Amino acid sequence: MPDRDPTADMIEQLDPGPDPYPALPVMPPEALRDGDVLMMLGQGYSRIGKLPVPVSLLIRALDGGAYSHSAVVSIIDGEPKVWDHSADWLLGPVSLDDGIRNHAWCHVYRLFKHGEHVGSSRYPSAPIVKALAERQGDAYDTKLLLTAGVVAVVSRMPANPHVRELARRALEAAVEVINWYLDRKDIRSSMLICTAVTGLSYWNAVNAKPHDYALEVDIQRRGAVDDHGSEDWKRTIAKVKAALSRVWPDFPDDLARFRKTQASNAHWVEVGGQLLPVNLVSPSDLEFSRTLERVGRLHIPQ
């Protein structure tokens, strides 16, 4: 009998189970609004050569939320578009079907701040769309590899030793793939992870005053990062940090700022402000933001 595929074992062990919000109503595409945030869980894995990386399930397992991916909607010529990858490693609008296909689920979140939704006089949607469009063509983490690395660094180590070892092996593969890309492609120019695109769209939106749209996340929700892992885990995280520093030379300084914020009395922190760099925001930060309201789910096309 042939040996079991280790990738299949990873996917089975990291399987997140059923949709955690099954009671959400199904929304028709025409109900989407400019600025809606789509939160998704991807399926399967990325493969470069012989390296299988179950990236989405890895992000979900490390992050502790329901999702691996975030994207923002804008309505173009009457059709909802998802700002994701329009070309290799570049950000741009794609069709709704293309943007959400191959995901286990997709939930719709909508800005709700100071008692008002997007579309109110205080929060018209046009500034969000403008800020989003200004990012078109930016280098973008289309394969979620950098997102996985960020989540691994800012999250607690998995408590279950079997899951921890599976996650560590997946992270080792992710680092190899990141370095493979870095050795062959220039992906370092203003590279954004998916949650950073969401955060920047709201941070840069301006109506009455700057940063009034800024999303807020609970910086204390995760608690202190557990540094008491095995030596293997520590070595893997060191490799992740080194790879992320190749992409963002400012990463060590950003991480130090993030840790300082965690150690402070700060609680709800603006995404994009001095206390929280946008590339250190995880999907679960957005999932549990008090400024995003969960309003529905989308049917995943086959």
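Fair warning: this is a prediction, and the values are worked out from it, not measured in the lab.
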ILVMFWY network linking Leu90 to Leu146, side-chain heavy atoms under 4.5 angstrom: no

Euclidean distance, Leu171 CG relative to Ile178 CD1, rounded to 0.5 Å: 9.0 Å

Closest heavy-atom pair and its distance - Ser289, Thr291: OG-OG1, 2.7 Å

Centroid separation His211 to Tyr202 less than 6.0 Å: no

Single-linkage hydrophobic cluster, 4.5 Å side-chain cutoff, Leu192 and Leu182 together: yes

Cluster check Val129, Leu91: I/L/V/M/F/W/Y, side chain < 4.5 angstrom: no

Connected-component partners of Val26 among ILVMFWY, side-chain separation under 4.5 Å: none

Sidechain-backbone polar pair: Tyr67 side chain, Leu286 backbone, donor-acceptor under 3.5 Å: no

N/O donor-acceptor pair under 3.5 Å between Trp248 side chain and Met191 backbone: yes

Glu30 atom CD: more than 12 heavy-atom contacts under 6.0 Å: yes

Aromatic contact, His85 with Tyr140 (centres under 6.0 Å): no

Side chains of Pro277 and Arg257 in contact at under 4.5 Å (non-hydrogen atoms): yes

Straight-line distance of His114 NE2 to Arg122 CZ, nearest 0.5 Å: 4.0 Å

Under 3.5 Å donor-acceptor, Arg169 side chain and Glu165 backbone: no

Side chain Ser284, main chain Glu287, donor-acceptor under 3.5 Å: no

Rounded distance [0.5 Å steps], CG in Leu41 versus CG in Leu57: 6.0 Å

Leu58 side, atom CG; Leu145 side, atom CG - distance, nearest 0.5 Å: 9.5 Å

Main-chain N/O of Phe288 paired to Asp218 side chain as donor or acceptor, under 3.5 Å: no

Closest approach of Ala196 to Asn279 (non-hydrogen atoms, all atoms of both residues): CB-OD1, 3.2 Å

Lys239 side chain vs Glu176 backbone, donor-acceptor pair below 3.5 Å: no

Under 3.5 Å side-chain donor-acceptor pair for Arg246 and Asn179: yes

Sequence neighbours excluded - salt bridge (Lys or Arg N to Asp or Glu O under 4.0 Å) pairs with any residue from residues 288-298: Glu216-Arg290

Flag, side chain of Ser155 to backbone of Ala152, donor-acceptor distance under 3.5 Å: no

Closest non-hydrogen atom pair, Trp203 against Ala214: CE3-CB, 3.7 Å

Ser70 versus Thr198, side-chain donor and acceptor atoms under 3.5 Å: yes

Close side-chain approach of Pro252 and Ser245, heavy atoms under 4.5 Å: yes

Short side-chain donor-acceptor distance under 3.5 Å, Asp141 and Thr147: yes

Test log, rule side-chain contact (heavy atoms from CB on, under 4.5 Å), inputs Leu280 and Val153: CA-CA 9 Å; Leu280 293 184; Val153 170; over 6 Å; no

Lys241 and Leu244: CA distance, side-chain angles, deciding distance, side-chain contact (heavy atoms from CB on, under 4.5 Å) verdict: CA-CA 5 Å; Lys241 290 179 180 177; Leu244 295 178; 5.8 Å; no

Side-chain heavy atoms of Tyr213 within contact of Pro124, under 4.5 Å: yes

Non-hydrogen side-chain atoms of Tyr123 and Asn207 separated by less than 4.5 Å: no

Pair Lys130 + Glu134, salt bridge at N-O below 4.0 Å: yes

Results of side-chain contact (heavy atoms from CB on, under 4.5 Å) for Thr261 - residues two or more places apart only: Ile219, Ser264, Ala266, Val269, Leu275

ILVMFWY network linking Trp89 to Phe251, side-chain heavy atoms under 4.5 angstrom: yes

Side chain Thr195, main chain Val281, donor-acceptor under 3.5 Å: yes

For Asp84 against Ala71, the heavy-atom pair lying closest together: OD2-CB, 4.4 Å

Residue pair Lys209 / Asp212, side-chain heavy-atom distance below 4.5 Å: yes

Carboxylate-amine/guanidinium proximity below 4.0 Å for Lys234 and Glu231: yes

Distance in Å, Asp63 CG paired with Asp285 CG, rounded so as to fall on 0.5 Å steps: 6.5 Å

Trace of the side-chain contact (heavy atoms from CB on, under 4.5 Å) decision for Gln136 with Trp83: CA-CA 8 Å; Gln136 184 165 3; Trp83 282 75; 3.5 Å; yes

Which residues share a salt bridge (Lys or Arg N to Asp or Glu O under 4.0 Å) with Asp36, sequence neighbours left out: Arg110

Step-by-step side-chain contact (heavy atoms from CB on, under 4.5 Å) determination, Leu292 to Met39: CA-CA 11 Å; Leu292 287 172; Met39 300 295 298; 5.9 Å; no

Ser74 side chain to Asp34 backbone, donor-acceptor under 3.5 Å: no

Residues Asp98, Arg101: salt bridge by 4.0 Å N-O rule: yes

Rounded distance [0.5 Å steps], OG in Ser121 versus CD in Glu116: 5.5 Å

Short side-chain to backbone donor-acceptor contact, Glu79 and Ser95, under 3.5 Å: no

pair Leu62-Pro158: side-chain heavy atoms closer than 4.5 Å: yes

For the student: nearest non-hydrogen atoms of Val271 and Val217, plus distance: CG2-CG1, 3.7 Å

Ring centroid separation Trp105 to Tyr21 under 6.0 Å: no

Apart from Met27 itself, residues in the same hydrophobic cluster as defined by side-chain heavy atoms under 4.5 Å: Leu32, Leu38, Met40, Val73, Ile75, Val82, Val94, Leu96, Ile100, Val108, Val295, Leu298, Ile300

Nearest heavy-atom neighbours spanning Pro93 and Lys81: CB-CB, 3.9 Å

Set of residues satisfying side-chain contact (heavy atoms from CB on, under 4.5 Å) with respect to Asp250, sequence neighbours excluded: Asp254

Side-chain heavy atoms of Leu144 within contact of Ser56, under 4.5 Å: yes

